[in-house]
There are 2 protein chains.
Amino acid sequence: MNLILLNPNDLTDDGHVCITDPRRLTHLRDVHRSSPGDLLTVGVQGGNMGKALLKELTAERAYFQVESLNEPPPAPLPVHLVLALPRPRMLARTLEHVTALGVKEITLLHTKRVEKSYWQSPELRPDKIYQHLILGLEQARDTQLPSVILSKGFRPFLQQQLPALLNQRRGLVAHPGMANACPRGISDPTLLLVGPEGGFIAWEVEQLMLAGCEGMHLGPRILRVETAVTALLSRLF
Amino acid sequence: MNLILLNPNDLTDDGHVCITDPRRLTHLRDVHRSSPGDLLTVGVQGGNMGKALLKELTAERAYFQVESLNEPPPAPLPVHLVLALPRPRMLARTLEHVTALGVKEITLLHTKRVEKSYWQSPELRPDKIYQHLILGLEQARDTQLPSVILSKGFRPFLQQQLPALLNQRRGLVAHPGMANACPRGISDPTLLLVGPEGGFIAWEVEQLMLAGCEGMHLGPRILRVETAVTALLSRLF
């Protein structure tokens with residue numbers, strides 16, 4: 001928690017901050033080892049960041065006086081990430097990595113090699129997803145929550161969502177064996193598509209190419225989804 | 001396990017392969033769902049990769065006939081990674097990520113902000129480290145085992161190891177707030193130094209600069225060590 005991320009409920013009417021949830025209280029006490037008088041980094045969800053003075057820390061609440069709130073959050077990455085739904089534990093970690101890296105738009109997609117049971121995982125509950133996004137923001141010192149869309153069919157995605165997503169975006173499909181290497185240091189608005197652990201099937205890659213995407217690869221090594229996504233985002237932007 | 005990594009004990013005198021350890025047997029049966037007649041990707045530790053025909057799979061052993069062994073492993077990254085010792089669970093995952101990405105030389109370093117108790121963790125036992133390196137190689141389809149050196153003092157590292165490590169290598173210290181951004185797509189032999197969760201202290205950065213390293217940063221976001229290391233390696237090489 002490199003940033004105390006505040007939601008509207010944490011703000012009192014007179015411009016103070018009052019935190020009461022056990023997770024952040026425990027973190028302030030046991031990890032930050034904070035005590036009254038400490039100046040801590042805060043940020044308002046969807047808004048600016050700044051400093052707040054800790055006035056009181058008890059088992060029930062942390063009470064702050066806001067000193068400044070004029071630093072904008074870091075710039076987002078110009079990317080919409082379409083990720084074949086990974087297995088639940090990998091999903092949790094990947095959501096934290098990509099949120100910390102600055103991704104703001106995420107679509108989780110069903111493809112042929114995604115196990116259908118993954119769509120039943122409790123990790124896909126909105127509150128669980130929200131929790132991982134918050135951890136990513138707190139880690140990276142960011143306030144802008146990503147949006148996560150679940151797209152449970154490949155054909156409907158192809159026909160109903162992909163054309164709009166490719167409007168004004170460069171579509172890049174990460175897939176082993178493609179002719180071109182992953183581009184470096186681009187700034188174009190991008191739609192980045194990453195397949196599941198076993199990869200997209202040939203037909204899926206073909207359809208994505210027909211829709212206007214370019215294929216690219218990260219080299220001969222086969223990486224886990226969470227490693228691959230971080231490596232792709234870092235090389236691209 | 002995208003590659004069945006063979007150690008010398010797995011090779012029989014007549015050029016066959018016999019695997020008897022429960023981990024790989026379970027993986028072959030439950031994840032690969034292999035059966036006799038399957039052609040699988042194998043590689044000899046430190047040597048070439050190729051294909052082997054599964055002849056027999058029982059609860060006690062998997063018996064293969066080697067069909068080919070003439071593909072060299074993928075090229076290593078030209079980097080020696082010096083990593084401030086992360087907390088044990090993060091270490092385990094980071095070793096797998098960086099091995100999969102092709103790092104072959106790793107030094108785990110003590111710095112001021114590394115908790116001393118981490119050096120007592122069972123994750124630092126040679127057999128545990130070896131296990132994570134093997135998982136990284138099996139994931140990425142590689143056969144060349146990285147070396148891992150434990151360097152338990154910053155001053156001795158600075159005086160006794162760093163000068164030799166910087167001989168013919170470009171030293172790069174990843175640290176927030178440095179003037180230059182992380183370079184992209186270099187091919188120089190590199191010594192990459194990455195601090196602990198709270199960063200190097202100012203004195204440590206100063207000493208590394210005096211020894212001839214360059215500072216560089218990955219942007220304003222604070223990343224977890226495992227995310228940062230993957231992002232750095234992918235952007236650099």
Side-chain angles (χ1 to χ4, degrees), chain A residues 1-3 31-32 41 49 71-77 87 89-90 93-103 115 135-144 174 176 181-186 197-199 218-237, chain B residues 1-3 31-32 41 49 71-77 87 89-90 93-103 115 135-144 174 176 181-186 197-199 218-237:
Chain A
M1 197 160 84
N2 295 306
L3 169 83
V31 181
H32 286 193
T41 304
M49 312 191 296
E71 200 191 328
L77 294 183
R87 60 191 156 83
R89 270 182 52 205
M90 183 82 81
R93 285 208 301 269
T94 305
L95 286 176
E96 292 179 29
H97 293 310
V98 305
T99 303
L101 288 162
V103 175
E115 278 203 32
L135 290 174
L137 293 181
E138 289 177 348
Q139 167 65 46
R141 285 199 178 151
D142 190 357
T143 65
Q144 300 182 75
C182 176
R184 289 177 189 274
I186 65 175
E197 213 62 15
L218 256 187
R221 297 172 176 278
I222 307 173
L223 301 176
R224 281 157 66 173
V225 166
E226 60 171 329
T227 321
V229 172
T230 300
L232 285 162
L233 292 170
S234 177
R235 189 169 294 191
L236 281 171
F237 304 107
Chain B
M1 198 161 84
N2 296 306
L3 170 83
V31 182
H32 286 193
T41 304
M49 310 191 297
E71 200 191 330
L77 294 183
R87 62 190 154 82
R89 270 182 52 204
M90 183 81 82
R93 285 207 301 268
T94 304
L95 286 175
E96 292 178 30
H97 294 309
V98 304
T99 303
L101 288 162
V103 175
E115 280 202 30
L135 289 175
L137 293 180
E138 289 178 347
Q139 167 65 46
R141 285 198 178 153
D142 190 357
T143 65
Q144 300 182 75
C182 175
R184 289 178 189 273
I186 65 175
E197 214 60 17
L218 255 187
R221 297 172 177 277
I222 307 173
L223 301 176
R224 281 156 67 173
V225 166
E226 61 170 329
T227 321
V229 171
T230 300
L232 285 163
L233 292 169
S234 177
R235 190 170 293 191
L236 281 170
F237 304 107

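Sequence lines set the chain letters: A, B, ... in the order given, protein chains first and strands last, and positions in each chain run from 1.
- With a 4.5 Å cut-off on non-hydrogen atoms, Leu3(B) does not touch chain A at all.
- Heavy atoms of Thr94(A) lying under 4.5 Å from chain B are absent altogether.
- Closest of all the heavy-atom pairs between Thr230(A) and Thr227(B) is CG2-O, 3.6 Å.
- Of the possible donor and acceptor atoms, one in the side chain of Arg235(B) sits under 3.5 Å from a partner among the backbone N and O of Phe237(A).
- Here the shortest heavy-atom pairing between Leu223(B) and Gln139(A) reads C-NE2, 3.2 Å.
- A salt bridge does not link Arg93(A) to Glu226(B): none of the charged nitrogens lies less than 4.0 Å from a carboxylate oxygen.
- Summarising the geometry of Ser234(A) relative to Leu232(B), their closest heavy-atom pair is OG-N, 4.5 Å, with the distance given to 0.1 Å.
- Within a 6.0 Å radius of CZ in Arg184(B), other residues, nucleotides and ligands contribute more than 12 heavy atoms.
- Of the listed residues Leu233(A), Leu101(A), Leu218(A), the one with more heavy-atom pairs under 4.5 angstrom with chain B than any other is Leu101(A).
- Of all non-hydrogen atoms in Arg221(B) and Thr99(A), the two that sit nearest each other are NH1-O, 3.9 Å.
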